[in-house]
4 protein chains.
Amino acid sequence: MSRPASSDAVPPLDDAPPDAASGLTPRGARTRARLVSAARELFERQGYLDTNVNDISSAAGVAYGTFYIYFTSKEEVFGEVVRDMHLQFRAIASAEPRQGSDAASLIERANRGFFRAYQQTAAMQRIMEQASTVNPRLAMERREANRYWRDRARRAITGWQIDGVVGRDIDAVYAANALGAMIDRFAYLWFVLGETHEFEVAVEQLTHLYCNALGIPHTLKLSPHEF
Amino acid sequence: MSRPASSDAVPPLDDAPPDAASGLTPRGARTRARLVSAARELFERQGYLDTNVNDISSAAGVAYGTFYIYFTSKEEVFGEVVRDMHLQFRAIASAEPRQGSDAASLIERANRGFFRAYQQTAAMQRIMEQASTVNPRLAMERREANRYWRDRARRAITGWQIDGVVGRDIDAVYAANALGAMIDRFAYLWFVLGETHEFEVAVEQLTHLYCNALGIPHTLKLSPHEF
Amino acid sequence: MSRPASSDAVPPLDDAPPDAASGLTPRGARTRARLVSAARELFERQGYLDTNVNDISSAAGVAYGTFYIYFTSKEEVFGEVVRDMHLQFRAIASAEPRQGSDAASLIERANRGFFRAYQQTAAMQRIMEQASTVNPRLAMERREANRYWRDRARRAITGWQIDGVVGRDIDAVYAANALGAMIDRFAYLWFVLGETHEFEVAVEQLTHLYCNALGIPHTLKLSPHEF
Amino acid sequence: MSRPASSDAVPPLDDAPPDAASGLTPRGARTRARLVSAARELFERQGYLDTNVNDISSAAGVAYGTFYIYFTSKEEVFGEVVRDMHLQFRAIASAEPRQGSDAASLIERANRGFFRAYQQTAAMQRIMEQASTVNPRLAMERREANRYWRDRARRAITGWQIDGVVGRDIDAVYAANALGAMIDRFAYLWFVLGETHEFEVAVEQLTHLYCNALGIPHTLKLSPHEF
DNA sequence: GATGAATGAGGCTTCATTCAT
DNA sequence: TATGAATGAAGCCTCATTCAT
């Protein structure tokens, strides 16, 4: 396939400064970092609702009021933690080695990268789900982030249609939405809700279903498990 | 295909008495019903967390304490509302007319019924998502309910494999999970998060992707929208 | 000793009718009795504060409102239960066989009877202690009941002083109060708070202390336990 | 008698820090002290059950929530108030001047000190009785404190038995329990339930009964009141 | 920069008693 | 007699945020 997958360049998620610590003294930056780190740990362990500002500042080893020097609210730290997590997610997903440039290979790589990243950020994924059902602003930010992935997929599918790899009867928007939803939710059931799956089998089976759905040729390497 | 889709007989959702009003006088039953109804409306409008017992009893036109005659907690009414909603969901989904007995027709009918039911219970679906991220017990109950649909799909796929309609390279468990997740999450994005889709197009496209994924022959009746 | 111990005739504890069921139909009397019995069981098991009217009527197998046909308040049933218990207490204490008419024998018999009765009404004694610290009216009734025993003791001591068995340096009022307090509180520590004592040893030791305190000759039958 | 009464060194009441205000700023310590003081006053005036956190914080002149900065519950402040009261009690009792080292003198001094201390802490004694019938944890703490006094008495009696002042027919454990109960309960009837007694007469009469009970020689200085 | 004390509205639940049937 | 639904005041505790030092 000549059409390159869109670059992994990371678009800004929102209007936060890329380096939130700018304008702080080194000491201030350290305090701030300790707060973010403590917040993430607590959010992951206890959830968004059950973590309070008291816990966070205690865990960071600073006074209660210090928290409000760096953040205006609990929501704000959470936003920061989520941004960090998105960066980590993309870093992990991007680190997945490329195996080929045909559609099936790209899809498999994307799925493997996605699952890998999801697995390593599972605790935060659970919490983001919770927080975004509670806080509308977080829900919106989350949808923005999803749109990014969705658009990438839609552009890729459209490209494959131009190349003739995917049939014209497929609506690229629906397909991108539906297949994205499939991968995303499967990961949630797997890593957050605790369904048990074999990593490589999951990658292969979901890639198979994904390719089949689009009419992209794909052959399994592993032998089937059931029957 | 001779293999019949599993019957639409509705299994018991849990061990709650079918008629929760048993042992109540007509007056009591009326009050209880008013509470459940008020609770559902408020949950749908304000969410699980932002609805409190005070709101519910006020809306039902009874005193605060009256609520606790019929329910031991907010969680408990919520459970009842959810049960009601499940019954409604299944009723709507089952009402979808059968068009044929081939795999593609069965899948299309199931998808159309699912979307129809989801659309009409969208408000509660949003709230259930919220409540289940907050309350572990509700999360568990929710997974149980999902398991029921997942198992139905898995059995159907296995049946089609025996019939030779679906290839043996597909793992029925993974496929049922993944495609169920696709339909489920797509409906959530659509009806809860507000993505805009055309009903019949969505049914057709998702059925197409579903069938393709399993290798089941399926032809679109509507013309593609993009390009 | 010629002076007879005051008779065991039971004085009225308060203005309640001796037979509270008077003026009730047989059916009403039965219902009332069931309520009193259920109330006593629950008070003994759960304490005064943790027993509510709902519990009582449920346990008695009658409707909530029925309770208020027979009693005007929780306090009132409690009063009735206490009266029953007092009757029981006196019955047990009076049943103790007389062994002799000398002061030491009378004291020993009184102590043995008191401990025997206390032991068998221990559960209610605990609850009365609780209730009387909470409800001033009950506290007063309780003091009245105590006064009865105190007066008996005072009259006996005064009698023994006239007879020359007890010295004139003893103030009968102080002695009756103090020694009554000793017996009463010792029983509480023993049967309610759970100190472990041997019944006959306790009777003998406390009788010994009691007699010694008053200068009444008394010899132990059991061998001493310690040293 | 050469055997000295055990020293008046005050043992730790429990594992609470001697200075509960450690780790607080002066301002915090002041607020905390105001809360404890307000709590004690209210407990004494209204009882344990009828005093609520709202009352306490209002009386201390702070907001409702401020209470929960310093204490986790009403039970906890109560514990603190009780500890303070125990310290006060021991201080008063220990301040009683020594008159001689013979058994009778020691007993008289102990009784006088006990009554003096009880009299000055009467309000809290009443409340502790109430609270300990309601709250099992407080009941246990109270028994621990009593055990301390009981053990002192038992050791003293055993010592006097070794010295030959008290006969071997007395069981030191029973005697310590019974005579302790006598003093304790007499004080309760007197200072809490409002029986009227003359201070010095009470000291002398109860000391007389106490000594007589143990066979310790004791002569009254005051003339008898009755007859 | 940092501290930590103070705020107070808000939510949940209990229960003695009344009252219409 | 008996029923059981209805009442609503009262109490406990949490926690995001502000502010004086």
Side-chain angles (χ1 to χ4, degrees), chain A residues 24-32 49-58 61-76, chain B residues 23-32 49-57 60-75, chain C residues 24-32 49-58 61-76, chain D residues 23-32 49-57 60-75:
Chain A
L24 293 179
T25 64
R27 179 186 172 197
R30 240 177 303 132
T31 302
R32 192 193 148 92
L49 291 170
D50 290 344
T51 295
N52 56 41
V53 177
N54 194 359
D55 293 341
I56 297 174
S57 31
S58 294
V62 301
Y64 203 157
T66 303
F67 177 89
Y68 285 92
I69 296 172
Y70 298 101
F71 305 99
T72 65
S73 66
K74 183 167 100 167
E75 190 187 329
E76 200 179 276
Chain B
L24 292 180
T25 63
R27 182 185 176 200
R30 236 178 304 132
T31 302
R32 192 194 146 91
L49 291 171
D50 290 343
T51 297
N52 55 39
V53 175
N54 194 3
D55 294 340
I56 296 174
S57 37
V62 299
Y64 201 141
T66 302
F67 176 89
Y68 286 93
I69 297 174
Y70 300 101
F71 305 99
T72 63
S73 65
K74 183 168 90 168
E75 188 186 331
Chain C
L24 293 178
T25 66
R27 180 186 174 201
R30 239 178 305 130
T31 301
R32 190 192 150 91
L49 292 170
D50 290 344
T51 295
N52 54 42
V53 176
N54 194 0
D55 293 341
I56 297 174
S57 31
S58 294
V62 302
Y64 203 156
T66 303
F67 176 89
Y68 285 92
I69 297 173
Y70 298 101
F71 305 99
T72 65
S73 65
K74 183 167 99 168
E75 189 186 330
E76 199 179 277
Chain D
L24 292 179
T25 63
R27 183 187 175 196
R30 238 177 304 134
T31 301
R32 192 193 146 93
L49 290 171
D50 290 343
T51 296
N52 55 40
V53 175
N54 195 1
D55 294 341
I56 298 174
S57 36
V62 300
Y64 199 136
T66 302
F67 176 90
Y68 287 94
I69 297 174
Y70 300 100
F71 305 98
T72 63
S73 65
K74 182 168 89 165
E75 189 186 331

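Every chain is numbered from 1 and lettered A, B, ... according to where its sequence line falls, protein lines coming before strand lines.
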Of G28(B) and T72(A), the one whose nearest nucleotide on DNA chain F sits closer to the 5' end is G28(B)
Separation of atom OH in Y68(D) from atom C1' in dG10(E), rounded to whole Å: 14 Å
Take the protein atom CZ of F67(C) and the nucleotide atom P of dC15(E), then report the distance between them rounded to whole Å. 14 Å
Between G65(B) and G61(A), who's closer to the 5' end of DNA chain E by nearest nucleotide? G61(A)
Nucleotide interval of DNA chain F bounded by contacts with chain D (heavy-atom cut-off, under 4.0 Å): dG11(F) to dT14(F)
Reading DNA chain F from 5' onward, which residue's closest nucleotide shows up sooner: Y64(A) or R27(C)? R27(C)
Under 4.0 Å between a side-chain N/O of K74(B) and OP1 or OP2 of dC12(E), yes or no? yes
Quick one: I56(B) CD1 to dT13(E) C1', roughly how many Å, whole number? 14 Å
When the rotation axes relating C1' atoms of four end pairs to the next four are compared across the helix from dA2(E)-dT21(F) to dT21(E)-dA2(F), five pairs an end, they differ to 10° by 10°
Nearest-nucleotide check on DNA chain E, N54(B) vs A63(A); residue mapping nearer the 5' end is A63(A)
Could you tell me how far apart N52(A) (CG) and dG11(E) (P) are, to the nearest whole angstrom? 18 Å
Report which part of the nucleic acid Y70(D) touches: base, sugar-phosphate, or nothing (heavy-atom distance under 4.0 Å, all strands). sugar-phosphate
On a heavy-atom basis, which atom in N52(D) and which in K74(D) lie closest, and how many Å separate them? CA-CD, 4.5 Å
Between D50(B) (CG) and dG10(E) (C1'), how many Å, whole number? 12 Å
For D55(B) versus D50(B), what's the shortest heavy-atom pair and its separation? OD2-O, 3.7 Å
Rounded distance [0.5 Å steps], OG in S57(C) versus CD1 in I69(C): 11.0 Å
Qualifying side-chain hydrogen bond (donor to acceptor under 3.5 Å, both in side chains) pairs, either residue in residues 63-73 of chain B, two or more places apart: T72(B)-E76(B)
